[in-house]
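One structure is given below, encoded as structure tokens.
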Amino acid sequence: MSAPAPEPADLLAAVRARMAHAATISQRKVDEITLVAISKTHPTDAIRPLIEAGQRVFGENRVQEAEAKWPALREAHPGIALHLVGQLQSNKADEAVLLFDCIHSLDRPSLVAALAKAMDKAGRQVPCFVQVNIGAEEQKGGCAIADLPALLAETRVAALPVIGLMCVPPLGIEPAPFFALLDKLASDHGLAGRSMGMSDDFETAIMLGATHVRVGSALFGARA
Ligand SMILES: *Cc1c(COP(=O)(O)O)cnc(C)c1O
């Protein structure tokens, strides 16, 4: 007989305890760190128990999937914040600005323009992280480190509310140096937010300054 599946509330409590431990040993306050529960690919039936256990900040990586899942959940459970953590096409900027409360994947000039226009039109300011291609990976989203100063300058001209930097380090190698680098880049540019750390490495990210950790499988189980 296999072990019973863990309860969502227990998984949430375990992640929160690990966050608190990492915060304590790095002399930080855990309530300065936002847990973004990444619910991509998981149906609303899997999400609802986490909401009932008290989780209020969720993340999705696709506009269309979020549009299909979240209006009903939000209607039933007020006070939820929804974050976009996946690549955003400029032609989806209007929808994204109406649906999400934070965007972690601002990574190019065309998107600066599209988001500025969409926020203007919607009369709604959505805080953004600029995603940095921290490992200089060919196929990965994010702005090249060399292009970051110019991109940030464009966000200031467009008056976009940029609150920090975000990264996804290369798979399969020690992430700590990349978290430290993102922390340094954010400091250099006077930005308070650092969106970094996922299920396998969020404690390391917290010890290196993460303000937002994006945790999926440790809360929901493995994705299909
Ligand atoms: C899927 C995803 C996560 C969560 O990954 P887990 O390893 O399941 O915790 C975090 N950030 C981004 C950008 C993602 O796409």
Side-chain angles (χ1 to χ4, degrees), residues 5-6 8 10-19 22 33-44 46-47 49-50 53 55-70 81-89 92 96 99-108 111 126-143 162-176 178-179 181-183 186 193-224:
D10 295 339
L11 293 173
L12 178 61
V15 167
R16 290 217 170 270
R18 288 168 59 190
M19 288 176 66
I33 304 154
T34 301
L35 171 62
V36 186
I38 306 297
S39 50
K40 66 186 185 198
T41 77
H42 297 289
T44 54
I47 298 170
L50 269 197
Q55 178 62 26
R56 284 295 175 274
V57 184
F58 289 85
E60 292 281 345
N61 71 336
R62 292 186 165 170
V63 175
Q64 253 176 325
E65 183 181 341
E67 267 174 344
K69 280 153 61 175
W70 281 95
L82 194 58
H83 292 212
L84 178 66
V85 301
Q87 281 208 7
L88 178 60
Q89 293 169 333
K92 296 254 173 73
L99 188 62
F100 293 100
D101 303 294
C102 185
I103 292 171
H104 292 237
S105 47
L106 173 55
D107 64 354
R108 57 192 190 277
L111 198 49
V126 180
C128 297
F129 288 88
V130 169
Q131 182 175 351
V132 180
N133 186 351
I134 202 77
E137 293 174 278
E138 224 27 78
Q139 69 305 351
K140 203 104 159 218
C143 148
V162 172
I163 60 169
L165 302 180
M166 177 274 213
C167 75
V168 182
L171 265 182
I173 58 173
E174 171 56 48
F178 299 99
F179 295 151
L181 179 56
L182 193 80
D183 179 62
R194 289 118 168 97
S195 169
M196 57 189 196
M198 320 204 311
S199 289
D200 290 337
D201 51 27
F202 65 86
E203 289 140 304
T204 305
I206 287 170
M207 294 183 70
L208 290 166
T211 61
H212 294 67
V213 292
R214 309 179 310 266
V215 177
S217 39
L219 292 169
F220 291 98
R223 286 179 293 275

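Order of listing sets the numbers, starting from 1, for every ligand and every atom in it. Every value quoted in this text rests on a predicted model; they were computed, and no experiment measured them.
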Problem set entry | Nitrogen or oxygen atoms of Ala218 and ligand 1 under 3.5 Å apart | no
Exercise. Which heavy atom of the protein is the closest neighbour of atom 12 (C) of ligand 1, given with residue, atom name and distance?
Worked result: Arg214 NE, 3.8 Å
Exercise. Heavy-atom contacts under 4.0 Å between Lys40 and ligand 1: side chain, backbone, both, or neither?
Worked result: side chain
Which donor-acceptor pairs under 3.5 Å do side chains of residues 216-224 form with protein atoms, sequence neighbours excluded?
| from | atom 1 | to | atom 2 | distance (Å) |
| --- | --- | --- | --- | --- |
| Ser217 | OG | Ser199 | OG | 3.3 |

Problem set entry | 4.0 Å heavy-atom contact, His104 with ligand 1 | no
Problem set entry | Within 6.0 angstrom of Asp200 CG, more than 12 heavy atoms from elsewhere | no
Problem set entry | Residue and atom name of the nearest protein heavy atom (relative to atom 13 (C) of ligand 1), distance in Å to one decimal | Val85 O, 3.3 Å
For this session: Please identify each residue that fulfils salt bridge (charged side-chain N to carboxylate O under 4.0 Å, His left out) with Glu65, with sequence neighbours left out.
Result: Lys69
For this session: Take atom CD of Glu138 as the centre, draw a 6.0 Å sphere, and report whether it contains more than 12 heavy atoms from other residues, nucleotides or ligands.
Result: no
For this session: Would you mind listing which atoms of ligand 1 come within a distance below 4.0 Å of any non-hydrogen atom of Val215?
Result: 9 (O)
Exercise. What's the shortest distance from atom 9 (O) of ligand 1 to any protein heavy atom, and which residue and atom give it?
Worked result: Ser199 OG, 2.5 Å
Exercise. Short N/O distance, under 3.5 Å, between Asn61 and ligand 1?
Worked result: no
Seminar exercise, completed: Taken to the nearest 0.5 Å, the spacing of Leu165 CG from Ile134 CD1 works out to 8.0 Å
Exercise. What is the nearest protein non-hydrogen atom to atom 7 (O) of ligand 1, stated with its residue, atom name and distance?
Worked result: Ser217 OG, 3.7 Å
Exercise. Say you draw a straight line from NE2 of His104 to CD1 of Ile38; how long is it, rounded to the nearest 0.5 Å?
Worked result: 7.0 Å
Problem set entry | Protein heavy atom at shortest distance from atom 10 (C) of ligand 1 | Met198 SD, 3.2 Å
Exercise. Any side-chain heavy atom of His212 within less than 4.5 Å of one from His83?
Worked result: yes
